[in-house]
**Q** 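Here it is, the structure, as C-alpha cells.
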Amino acid sequence: MARVSAAVPHALAEVMNSIRNAPRALVRRHRASRRAAATPGLTPRSRPWTRAFGLVAVVLLGAWLGLLVVGDVRVPVGPMNTTMTLRPSISGGTKINVSPLGALQLDSHVAPVRLDVNVDQLDPDRAQALVDHPERLSGLQDEVAQDVEHGTLDLAVRSCVAVVSGATALGLVVYRRPRRALAAGGLALTLLVASGGTAYATWNPDSVLEPRFSGLLSSAPSLVGDARSIVTEFDVYQKELARLVTNVTKLYDVTSTLPAYQPDPTTIRVLHVSDIHLNPASWKIIASLVEQYKVDVIVDSGDTMDHGTAAENGFLDPIEDLDAPYVWVRGNHDSRVTQKYLEGLKNVHVLDDGRARTVAGLRFAGIGDPQYTPDRSKSDGAEASQELAGARLASALRDQHAAGTPVDVAVAHEPSAAREVDGEVPLVLAGHLHREDMEVMKYGTRLRIEGSTGGSGLRAVEGEYPDPIQASILYFDRDSRRLQAWDEIKLGGLGLTTAEVSRHLPKENQPGATPSPTGTGPSPTGRSRTPTAPSPASP
C-alpha cells in the first residue's frame, strides 16, 4: 500500500508537467514548420501540368455527359422524322443512319465533333402528299434546306448549353469550389466555339456528291442514287440533300408508286470485275449488281480461272445467264483453252491482239496477258513481255483513231501493260493486283485497277483476314462516252457480311471545274511518245 500511495503523486506530477510543457511543444513545432517552409528543398513541389490535365479531363468528361443527356434534337426533314445529335469524334464528318438499311457517311467537315442524323420514321401523311402531288418534289430542296438549317441551329444552341452545364456541374462535384467549376465551364465553352469554328471553316457542301454507304448492298443504289454530271450553276448541297431525302422516302414508302431506283437514262453503266479466281459465289454477286444497278455491260479484266484447265470450263457457263453483255480479256491464270471456250459462249465478247468491239454504245479494245502462270511463277522477261503487249495495244488504238473509230475504253490484265496506252485512250481498265486503285497517268489516260471480285479465290484464307470481294460501277455519259463517276463496291470476304459502297467523281466533273463539251480524256493525236512495237494483226 505504501508503494501504491507513493506512485500516485508521481504520476500526477508527470501529467501536470506535460500540460505545462504543451504550449512550449506547440511553439517548437510551429517554428520547425516555418523553417521547413523557408527551405526550398523541403517544400512539396506544385504540379501545374497535372492540374491542367485534370481540368481538361473533367471538362471533356462533363461535356460528353452533357451531350449524352440533352444533346439531341428531333427535327422533321421533308417527309421524314429525324434525330440530330452531336458526338465527339476525331475526324468529324456527318453520319446519316437509315436503319435498318444502313448508313451514309459524308466528309462534310473536319472537327472534333460529328453530326449524327438518325432517320427515325417516315411520316405517312407527308410521304403520301409527295406521292399524290409529284410537283412538290421541285420545291423539296428549299424545304429540306430550311428544315436542316433550323434543326442544326437548334442543335447547336442545345449542345452549347449541354456542354457548358455538364462541364460546370462535374467541375463542382470534383473540385467543390465555384471558381474552379466556372473555369471548367468557360474552358468547355471555349473548346466548343473552337470546334464550331473549325467545322465552319472546313465545311464541304460537295461531300453529298461522294457519299460512303455501308449496310445492305441492295439498298445502296437507291440511297447513293444516280451518277450524273454536275452543273455548277445550281446550289449543289441543297439539290443533292433533297435528292437524298427523296431516295430514302422511296425506300421506306414501299406502297407508293415511286420506283425504288430509276437509273439516269443519259448514262451507260459498266460493271468492272476482275480476278474472280474460280469463286462460284462471284456469279451471284455479279448477277445481283447487274439487276440492282441496271448494268448495260460487264467488263472482266482477267484471271477468271485459277489454272485454266479444260476441266474448269464449266465454271464459265453462268455467264450466259447474266442479263448484260460480257467483255473479257485473258489473265495470267487463263489459258488459251479458256479463251476458246469463252468465244463459243453467247453474249461474250473476247478482246485480244488489240481487236475493238462496240458494245452497249461504248467501243472497247483489249489484249490478253502474254504470260500463262497458273502456279503464280514469274518467268524471265515477264515485265518486258507485258510492256510489249501494252505497246501492241497502243498501236492498235492509234490505228482505230486513224480509221475514225476511236476507242473509249482499253482493257488489259496487268497494270504494267495498261500503262503503255497512256495518251491513246481516255480510260484503261486492269486488274491483277487484287486491290483497287485509280490514277491519271502522265499523258492524261485514267488507269482504273479493280480488286478481286472473287475475294482472291482459294487464296482468301491465306492471310490473317479474308480478302474482300471488290467490284465497281462506272458511269459514262451517253453522248461524250466519257467517265462521269464511279462507285467502289466492297463486300466482306469469306464468312463476313459487310457491304460498303463509295461514290467518286473525277476532278474535271466536280463542282467548280470547267466542263468540256466533248468530255474529258487525252487526245490520241497529241501524244509525243512514239510507238515501240509493230502494229498487231488486222482484226
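Bear in mind the structure is a predicted one, so any value in this text is a computation, not a measurement.
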**Q** Between Thr453 (side chain only) and Gln470 (backbone N and O only), is there a donor and an acceptor less than 3.5 Å apart?
**A**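 Present.
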
**Q** Between the side chain of Glu210 and the main-chain N/O of Leu505, is any donor-acceptor distance below 3.5 Å?
**A**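 Checked: pair present.
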
**Q** So does Asp206 get a backbone contact from the side chain of Asn204, meaning a donor-acceptor N/O pair under 3.5 Å?
**A** yes

**Q** Would you say Thr190's side chain and Gly186's backbone share a donor-acceptor pair under 3.5 angstrom?
**A**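 Flag set: sc Thr190 to bb Gly186 pair under 3.5 Å.
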
**Q** Taking the side chain from Thr202 and the backbone from Val110, do they hold a donor-acceptor pair closer than 3.5 Å?
**A**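 Indeed, once roles are kept as given, a pair shorter than 3.5 Å links the two residues.
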
**Q** Quick one: does any side-chain atom of Asp107 pair with a main-chain N or O of Ser207 as donor and acceptor, under 3.5 Å?
**A** no

**Q** Measuring only between side-chain heavy atoms, which start at C-beta, is Arg419 closer than 4.5 Å to Glu439?
**A**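 With C-beta onward as the side chain, the pair touches.
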
**Q** Counting distance only, does the side-chain N/O of Asp275 pair as donor-acceptor with the main-chain N or O of Asp303 below 3.5 Å?
**A**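 Checked: no pair found.
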
**Q** Can you list the steps and then say if Asp264 with Tyr475 is a side chain to side chain contact (heavy atoms under 4.5 Å, CB included)?
**A** CA-CA 10 Å; Asp264 188 353; Tyr475 300 89; over 6 Å; no

**Q** Whether the His272 and Ser274 side chains hold a donor-acceptor pair (N or O, under 3.5 Å, no angle test) is what I'd like checked.
**A** no

**Q** Report yes or no: do Glu450 and Ser472 form a side-chain donor-acceptor pair below 3.5 Å?
**A** yes

**Q** Do Arg482 side-chain atoms and Asp477 backbone N/O form a donor-acceptor pair below 3.5 Å?
**A**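 The answer is no, because no donor-acceptor pair under 3.5 Å joins these two groups.
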
**Q** Are the side chain of Arg87 and the backbone of Thr85 linked by a donor-acceptor contact shorter than 3.5 Å?
**A**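 Pair absent, no side-chain N/O of Arg87 close to backbone of Thr85.
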
**Q** Using 4.0 Å as the upper bound for N to carboxylate O, is an ion pair formed by Arg269 and Asp296?
**A** yes

